[in-house]
Amino acid sequence: MKYEHKKIEPKWQQAWEEKGVFHAENNSEKEKFFALIEFPYPSGQGLHVGHPRPYTALDTVSRKRRLEGYNVLYPIGWDAFGLPTENFAIKNHVHPEVVTKNNIARFKKQIQSLGISFDWSREINTTDPDYYKWTQWIFLQLFKHGLAYKKEMSVNWCTSCKCVLANEEVVNGVCERCQSEVVRKVKSQWMLKITEYADRLIDDLALVDYPDRVKAQQINWIGRSTGAEVNFKTTFGEDLLVYTTRPDTLFGATYMVISPEHPFVEKYADKIENIDEVRAYQVESSKKSDFERTEMNKDKTGVKLLGVSAINPVNGREIPIYISDYVLISYGTGAIMAVPAHDTRDWEFAKKFDIEIIEVVKGGKDVNEEAFTDCATGVLVNSDFLNGLSVEDAKKKIIEYLTEKGIGHEKVNYKLRDWVFSRQRYWGEPIPIVKCDDCGYVAIDESELPLKLPMVESYEPTDNGESPLANMTDWVETTCPKCGKKAYRETDTMPQWAGSSWYYLRYTDPHNDKALASEEALKYWNNVDWYNGGMEHTTLHLLYSRFWHKFLYDIGVVPTKEPYSKRTSHGMILGENGEKMSKSRGNVVNPDDIINEYGADTLRLYEMFIGDFEKAAPWSPKSIKGCRRFLERYYNLQTIVTDGNFIRPELEKEFHKTIKKVSDDIENIKFNTAIASLMSLINSIYATEKITKEELRIFSLLLNPFAPHITEEIWSVCSLGDGLVAEASWPKYDESKCVEDTVEIVAQVNGKIKAKLLIPADCDNETAISLAKSDAKVTEAINGMNIVKEIYVKGKLVNIVVKP
RNA sequence: GCCGGUGUGUCGGAAUUGGCAGACGAGACAGACUCAAAAUCUGUUGUCAGCAAUGGCGUGUGGGUUCGAGUCCCACCACCGGCACCA
């Protein structure tokens, strides 16, 4: 009996599609289950074997859920705006729309050959005007609520993409996408106030089931810290406000540092005695890219401002002011009080510039040797009314004091910055705003949405930092929706993250032209029950979409505070050599080749069997053969099947245990051990040289979520029912049949194994111990010794501790 | 530097959360079938000693707790991911 996957797989894929068995219903009495994978960017390269891993994983869960009677929504779509498409279009003189269409067609064909149970009737595409109409609509709501604003600011500029980047898109000082140098550039940009949601983005993590590493990474990225702002007077009369997380060390502040960009310098340029030297330093540090600034962070530089000093508000002490690029203008107040005794960076700076180091927290080593930064153990000294207090108590007391005297107050700061939302490129959603000389930035009327991308001659980015749309005079020139005068359209487009920030909502009602989705659909399907995606999106897409969802909650569009109830993350599939799969490394494996040689079921099974789902695993062209062999052995069960509407007694326990194991393992994303248990079971079945129909039915159901085509085929060939996915239900196990009547236990003496024996599972302590002692080997080992202790661990072992 | 994680045969990886380490798969070796090969089937396969029964050693390193540690505690090493002059 030959297993011909090429005949079986397309046949069943077609049958499922024709019957629409994977279509989710919007008005259903059934309990819903919403499974989501990160929709792919349809690149020109097509799929590699890494793509199917998350798709298959949630397909396994979804197929199990359907068999359990749920109304399952497992959708897919295309995140199709983006630079690679645009760059390809420029290079080959094809419109990005055409490139996108072709890429999607290819991706779709590849994905469909995997037999994933996606509901293709809900397919979406972020570049479809009917879709991006609602992306633009959400932007307008953000704008109307003051959360989208335009600001002149220093931004990250990718020299190759000729486009600004969000902070999240800059990795090690280079562009996340093309690895080119990123420089600072002052530009007017659309910004989204994600910082307004910083606290909720942290606090509401308590409401969701995400892996700890994801939560930790988001919390880190948002970087909330609680400290105090303290006002220092200066001899110029103007005060300088500093931010510190260690207000308790205020008595140890021996100098102050302001960042090179701090406005104080310009304001008092004529009074600063060494202004030329200061200016030279400003120029020097402005030339450094962020990357260089980070690279050189070991070596502190700076210039002392001559002719001015600051006054420590708690002891009236005059301290010098420096400018140095180790203080950032974009965090806190751009100025710090420096306490070299208790801050490593201040300590390094003080050593280099020979500034006094005053110990105010005792408990560490000599502060002239190293800074003592531990907050848990120290006790305050040299600090007047704070002396003798712990760091924590001192913080409270000094904040009370500062507040009372009106010279400071408690303050929370975040590392998170607002989201730079405009891109100077063509292939993105137009920002639906016009600029009027009289009225400023004005939203276009919602009835004009979607604001479609105009056809242009050239989508080449311009060197002057303007979007390609800027040359489209006809399109750019318009009238102000408010006053009717001549006005100009915004020519920047939205970043790729826009369309993906809300796509999961569109799946619930993808063809709605009145709203992004109907209220009923949103109410029924929210939240996404299980969302699987890559770790690389933790501080990008995942954070952005949580932000948008919270905003939509605030304006009453969605009924829940969080978009995703549960998040899991898959490990990467690496090349055979253990390196990341990439074209340039030449280690890419194309799923088409695997499907051709072994079939989709083998590919799916191997992707789930390859290792721990959450960890990276190298592709092995040899190991996959084991999965193919297993499926062939399963296929050949049809040659030994016998009538029988029962599980044979000798296999009953193993069957029940396997049902339990597979059921639990799928829920706990332990697909590899679920498959291993099925392999063990088939080995046991072959040892008996036959299988009953009932046994084959159960086995097929358990295997179906992993290998849907072959199981459907066997279901049909062996007449197990009308159609597996159409009518069957997930097998149940009997807990009482999962436990053995007799168990094999180990008899140890002093922890060394002496014998193995079979005893009744419900055996009590004394019986078990005496049974063990009656074993010849055990008797010999304890002969003539004093028994100190006797231990029986139920169903596991007996240990007898003896001494001479 | 900070945060998170990992370390187990030749390889991918298991281990009911403190109870027989190495499930399952790959690879290798041997045998069966075959003129032969592939495929398939059967067996062996952590390591050292021994003809053997058997015994010693063994989960990155060093200590500890325990009748018992891959699992818990302390210290360290290596690697991976994230953040990084964030006051």
Side-chain angles (χ1 to χ4, degrees), chain A residues 171-172 211-221 223-225 227 242-247 249 257 259 290 293-294 296-301 324-328 330-339 342-346 348-349 373 413-417 535-536 538-539 571-572 578 605-606 609-612 614-627 629-630 632-633 636 657 660-661 664 670 672-683 686 744-753 755-756 788-802:
Chain A
V171 176
N172 291 331
D212 286 342
R213 55 184 173 149
V214 171
K215 287 190 182 184
Q217 219 166 292
Q218 289 206 344
I219 289 168
N220 253 327
W221 182 260
R224 177 162 64 187
S225 68
V242 305
Y243 174 70
T244 177
T245 53
R246 293 293 304 274
T249 61
V257 186
S259 83
D290 274 11
R293 249 166 107 150
T294 311
M296 298 195 227
N297 73 19
K298 296 290 168 279
D299 195 25
K300 298 281 180 290
T301 58
S324 172
D325 62 8
Y326 85 88
V327 172
L328 310 172
S330 52
Y331 184 78
T333 61
I336 62 157
M337 64 174 215
V339 185
H342 306 292
D343 182 282
T344 314
R345 295 149 306 182
D346 296 346
E348 284 165 7
F349 191 89
T373 58
N413 265 323
Y414 306 88
K415 290 186 199 175
L416 184 71
R417 307 291 151 76
M535 281 306 290
E536 70 276 16
T538 302
T539 55
M572 248 190 290
L605 196 70
Y606 179 56
F609 186 64
I610 194 168
D612 185 336
E614 299 191 87
K615 288 193 206 120
W619 181 263
S620 163
K622 282 183 181 161
S623 284
I624 192 173
K625 289 183 181 162
C627 290
R629 277 180 205 143
F630 168 68
E632 281 170 3
R633 277 159 72 77
N636 287 332
K657 277 192 199 168
K660 181 176 160 68
K661 177 91 179 139
D664 293 350
K670 300 212 151 202
N672 52 341
T673 50
I675 294 165
S677 72
L678 287 169
M679 288 171 167
S680 291
L681 181 56
I682 210 170
N683 291 342
Y686 269 106
E744 192 189 51
I745 63 157
V746 178
Q748 299 178 333
V749 175
N750 285 348
K752 299 257 184 206
I753 297 162
K756 293 181 181 180
V788 182
K789 206 170 181 181
E790 295 170 329
I791 298 143
Y792 173 55
V793 182
K794 203 164 190 244
K796 305 283 184 203
L797 54 73
V798 169
N799 189 14
I800 298 167
V801 186
V802 294

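A, B, ... follow the sequence lines: proteins, then strands. Residue 1 opens every chain. Remember, it's a predicted structure, so these values are computed and weren't measured experimentally.
Using N1 to N3 plus N6-O4 or O6-N4 for Watson-Crick, or N1-O2 and O6-N3 for G-U wobble, each under 3.5 Å, rA75(B) pairs with rU61(B). Taking a pair to require two hydrogen-bonding distances under 3.5 Å in either a Watson-Crick or a G-U wobble arrangement, rG12(B) pairs with rC24(B).
Nucleotide rG9(B) carries a syn base; the chi torsion (O4'-C1'-N9-C4 or O4'-C1'-N1-C2) is within 90° of 0. rU42(B): glycosidic angle beyond 90° from 0, hence anti.
The side chain of R213(A) sits closest to rG4(B) out of rA87(B), rG4(B), rC20(B).
Other residues, nucleotides and ligands place more than 12 heavy atoms under 6.0 Å from the CE atom of M535(A).
Here, rC72(B) and rG19(B) have their P atoms 11 Å apart, quoted to the whole Å. Straight-line distance between the C1' atoms of rA14(B) and rG62(B): roughly 28 Å, to the nearest whole Å. Between rA84(B) and rU66(B), the distance separating the two C1' atoms is 42 Å to the nearest Å.
Residue R629(A) places at least one side-chain N or O closer than 4.0 Å to OP1 or OP2 of rA26(B). Between rA14(B) and N672(A), a contact under 4.0 Å exists linking OP1 or OP2 to a side-chain N or O.
Using a 3.5 Å distance cut-off with no hydrogens or angles, the side chains of Y326(A) and D346(A) do pair a donor with an acceptor. Using modelled atom types and a 3.5 Å distance limit, the side chains of N683(A) and R633(A) yield a donor-acceptor pair.
Distance CZ (F630(A)) to P (rU40(B)): 15 Å, rounded to an integer number of Å. Taking atom CD on E536(A) and atom P on rG5(B), their separation rounds to 19 Å, with Å as the unit. Whole-Å rounding puts the L797(A) CG to rA69(B) P distance at 12 Å. When the P atom of rA23(B) is taken as reference, atom CZ of F609(A) falls 12 Å away, rounded to whole Å. The distance from atom CG of N799(A) to atom C1' of rC20(B) is 12 Å, rounded to the nearest whole Å.
Formation of a donor-acceptor pair under 3.5 Å by the T673(A) side chain with backbone atoms of A676(A) is not found in this model.
Residue whose closest nucleotide on RNA chain B sits further toward the 5' end, between D212(A) and S620(A): D212(A). Between M535(A) and A335(A), the residue whose closest nucleotide on RNA chain B is further toward the 5' end is M535(A).
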Would W221(A) and Y414(A) satisfy ring pair (Phe, Tyr, Trp, His ring centres under 6.0 Å), going step by step from the backbone distance to the final call?
-> CA-CA 9 Å; W221(A) 182 260; Y414(A) 306 88; over 10 Å; no
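At a threshold of 4.0 angstrom between heavy atoms, the contacts of A338(A) with the nucleic acid are absent.
Taking only distance into account, the side chain of K796(A) never meets the base of rC20(B) through a donor-acceptor pair shorter than 3.5 Å.
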